[in-house]
Undergrad: 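Attaching a single structure in structure tokens format; questions to follow.
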Amino acid sequence: LDVGRPWELLEANELALAELDEGTEVAGTVEEDVHLHGPVVVEDGARVRSGAYIEGPALIREGADVGPNAYVRGATVVGPDAHVGHSVEVKNSVLMADASVGHLSYVGDSVLGRAVNFGAGTNVANLRHDGENVQQTVKGERVDTGRRKLGAIVGDEAKTGINTALNAGVVLGAGETTAPGESLTRDRLSK
């Protein structure tokens with residue numbers, strides 16, 4: 001499978017996680033009052049805190065920390081040492097190593113690079129209001145991704161200020177930042 005474009009990584013992730021055995025495999029720490037449904041893997045050294053609800057297929061990698069009261073669903077990988085905090089929902093996404101979505105945020109159909117940090121209340125739109133496929137700019141041209149749902153593509157070490165809104169399909173480049181309360185409707189890349 002070609003994964004040269006960001007949305008193709010999501011497709012590859014969906015296919016790979018579809019191969020997980022039905023049921024759960026827990027080698028890490030899962031606290032009381034956690035709900036695991038469908039194929040869910042919690043690797044050794046990972047921690048899922050009380051009140052978390054995980055609907056697989058999902059892979060929680062070594063050193064990752066999920067919750068409390070987080071909701072993780074649909075073809076999601078929480079990478080090594082990544083953090084999904086209090087009242088965060090992550091759907092059909094890939095969080096690379098050391099990515100952090102601390103609290104009160106939504107991340108859907110997105111790819112977060114290494115050491116990304118989302119400020120509290122950061123929300124990702126993953127659906128266009130007109131129902132059309134999400135488009136992205138590739139080598140200066142708008143390209144139809146073929147996906148009705150596609151959130152943000154966020155480069156390594158990017159950071160968002162609190163209450164940031166990221167529009168469907170936007171790219172926040174490596175090391176880029178947003179201001180508190182900012183709505184990002186166009187790609188922001190390093191020059």
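Heavy-atom basis, side chains included; hydrogens, waters and symmetry copies ignored. Residues: numbered from 1 along the sequence shown.
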Undergrad: With clusters defined by side-chain heavy atoms of hydrophobic residues (ILVMFWY) lying less than 4.5 Å apart, directly or transitively, does Leu189 cluster with Leu9?
TA: yes
Undergrad: Tell me if the CD atom of Glu157 is crowded by more than 12 foreign heavy atoms within 6.0 Å.
TA: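 Incorrect, the count does not exceed 12.
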Undergrad: Does the side chain of Val154 reach to within under 4.5 Å of the side chain of Glu176, using non-hydrogen atoms?
TA: no
Undergrad: With sequence neighbours left out, write down each residue that passes side chain to side chain contact (heavy atoms under 4.5 Å, CB included) with Gln135, or none if nothing qualifies.
TA: Arg128, Arg142
Undergrad: Determine, using the 4.5 Å side-chain heavy-atom cutoff (strictly less than), whether Val30 and Val66 are members of one ILVMFWY cluster.
TA: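 Yes, Val30 and Val66 fall within the same hydrophobic cluster.
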Undergrad: Sort and list the pairs that fulfil salt bridge (charged side-chain N to carboxylate O under 4.0 Å, His left out) and have at least one residue in residues 39-61, not counting sequence neighbours.
TA: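 Residue pairs with at least one partner in residues 39-61: Glu31-Arg47, Glu43-Arg61, Arg49-Asp65.
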Undergrad: Please enumerate all residues that pass side chain to side chain donor-acceptor pair (under 3.5 Å) together with Thr145, with sequence neighbours excluded.
TA: none
Undergrad: Distance from Asn133 atom CG to Leu150 atom CG, nearest 0.5 Å?
TA: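 CG of Leu150 is found 10.0 Å from CG of Asn133.
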Undergrad: Please determine whether residues Val34 and Ile60 belong to a single hydrophobic cluster, defined as Ile, Leu, Val, Met, Phe, Trp and Tyr linked transitively by side-chain heavy-atom distances below 4.5 Å.
TA: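 Looking at the clustering, Ile60 is in the same group as Val34.
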Undergrad: Name the one of Thr76, Val72, Leu17, Val42 that satisfies side-chain contact (heavy atoms from CB on, under 4.5 Å) with Leu59?
TA: Leu17
Undergrad: Could you name each residue pair satisfying ring-ring contact (aromatic ring centres under 6.0 Å, His included) that touches residues 18-70, not counting sequence neighbours?
TA: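 Those involving residues 18-70 are His35-Tyr53, His37-Tyr53, Tyr53-Tyr71.
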Undergrad: Show me the side-chain donor-acceptor pairs of residues 78-90 shorter than 3.5 Å, one per line, residues at least two apart or across chains.
TA:
residue : atom : partner : partner atom : Å
Glu89   : OE2  : Arg73   : NE           : 2.7
Glu89   : OE2  : Arg73   : NH2          : 2.8

Undergrad: So, applying side-chain contact (heavy atoms from CB on, under 4.5 Å) with Leu112, which one of Val94, Val101, Val124 is it?
TA: Val101
Undergrad: Suppose we screen for side chain to side chain contact (heavy atoms under 4.5 Å, CB included). Which residues come up paired with Ala120, at least two apart in sequence or across chains?
TA: His103, Ile162
Undergrad: Tell me, which pairs form a ring-ring contact (aromatic ring centres under 6.0 Å, His included) where one or both residues lie in residues 106-132, sequence neighbours left out?
TA: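 Every pair satisfying ring-ring contact (aromatic ring centres under 6.0 Å, His included) with a residue in residues 106-132: there are none.
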Undergrad: How close do Gly121 and Asn123 get, counting heavy atoms only, and between which atoms?
TA: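 Between these two residues, the closest heavy atoms are O-ND2, 3.0 Å.
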Undergrad: Quick check: closest heavy atoms across Ser50 and Asp33, and the distance to 0.1 Å?
TA: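 Where Ser50 meets Asp33 most closely, the heavy atoms are OG-CB, 3.7 Å.
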Undergrad: What are the two closest non-hydrogen atoms of Ile153 and Gln136, and how far apart are they?
TA: CG1-NE2, 3.3 Å
Undergrad: Side chains of Lys149 and Asn126: does their closest heavy-atom pair fall under 4.5 Å?
TA: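 Touching, per the 4.5 Å side-chain cut-off.
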Undergrad: Has the side chain of Asp187 got a donor or acceptor atom that lies under 3.5 Å from a matching backbone atom of Val171?
TA: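 It does hold such a pair.
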Undergrad: How many angstroms lie between atom CD of Glu11 and atom CG of Asp2, to the nearest 0.5 angstrom?
TA: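 Rounded to the nearest 0.5 Å, the CD-CG separation comes out at 9.5 Å.
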Undergrad: Who pairs with Ala16 by side chain to side chain contact (heavy atoms under 4.5 Å, CB included), at least two apart in sequence or on another chain?
TA: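 Testing Ala16 for side chain to side chain contact (heavy atoms under 4.5 Å, CB included), a comparison that skips the adjacent residues, returns none.
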Undergrad: Please tabulate, for the side chains in residues 177-184, all donor-acceptor contacts under 3.5 angstrom to protein atoms that are two or more places apart in sequence or on a different chain.
TA:
residue : atom : partner : partner atom : Å
Thr178  : OG1  : Gly161  : N            : 3.0
Thr178  : OG1  : Thr164  : OG1          : 2.8
Glu182  : OE1  : Ala179  : N            : 2.8
Glu182  : OE1  : Arg188  : NH1          : 3.4
Glu182  : OE2  : Arg188  : NH1          : 3.2
Glu182  : OE2  : Arg188  : NH2          : 2.4

Undergrad: Side chain to side chain contact (heavy atoms under 4.5 Å, CB included) for Val26 and Leu36? Distances and angles first, verdict last.
TA: CA-CA 10 Å; Val26 177; Leu36 303 176; 3.9 Å; yes
Undergrad: For Asp156 and Gly113, indicate whether the former's side chain and the latter's backbone hold a donor-acceptor pair under 3.5 Å.
TA: no
Undergrad: Can you name the nearest heavy-atom pair linking Ala152 to Leu166, along with the distance?
TA: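 Looking at all heavy atoms of both residues, the shortest contact is CB-CD1, 4.0 Å.
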Undergrad: Tell me whether Val170 is reachable from Val138 by hopping between hydrophobic residues (I, L, V, M, F, W, Y) whose side-chain heavy atoms are closer than 4.5 Å.
TA: no
Undergrad: Restricting to non-hydrogen atoms, name the atom on Ala158 and the atom on Gly173 that form the minimum distance, rounded to 0.1 Å.
TA: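 Shortest heavy-atom contact: CB-O, 3.6 Å.
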Undergrad: Name all residues meeting the salt bridge (Lys or Arg N to Asp or Glu O under 4.0 Å) criterion together with Lys91; count only those two or more places apart in sequence or in a different chain, and write none if there are none.
TA: Asp109
Undergrad: Test of understanding: clusters of I, L, V, M, F, W, Y form through side-chain heavy atoms closer than 4.5 Å, transitively. Do Leu15 and Val77 belong to the same one?
TA: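 Hydrophobic grouping puts Leu15 apart from Val77.
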Undergrad: At what distance, to the nearest 0.5 angstrom, does OG of Ser110 lie from CG of Leu95?
TA: 8.5 Å
Undergrad: Tell me every residue that passes side chain to side chain donor-acceptor pair (under 3.5 Å) with Asn69, counting only those two or more places apart in sequence or in another chain.
TA: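 Testing Asn69 for side chain to side chain donor-acceptor pair (under 3.5 Å), a comparison that skips the adjacent residues, returns none.
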Undergrad: Which pairs with one or both residues in residues 16-26 pass side-chain hydrogen bond (donor to acceptor under 3.5 Å, both in side chains), sequence neighbours excluded?
TA: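 Sorted result for residues 16-26: empty, none.
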Undergrad: So, taking the atom named CG in Asn167 and the one named CG in Leu127, what distance separates them when rounded to the nearest 0.5 Å?
TA: 10.5 Å
Undergrad: Identify whether the distance between the nearest side-chain nitrogen and carboxylate oxygen of Glu14 and Arg147 falls below 4.0 Å.
TA: yes
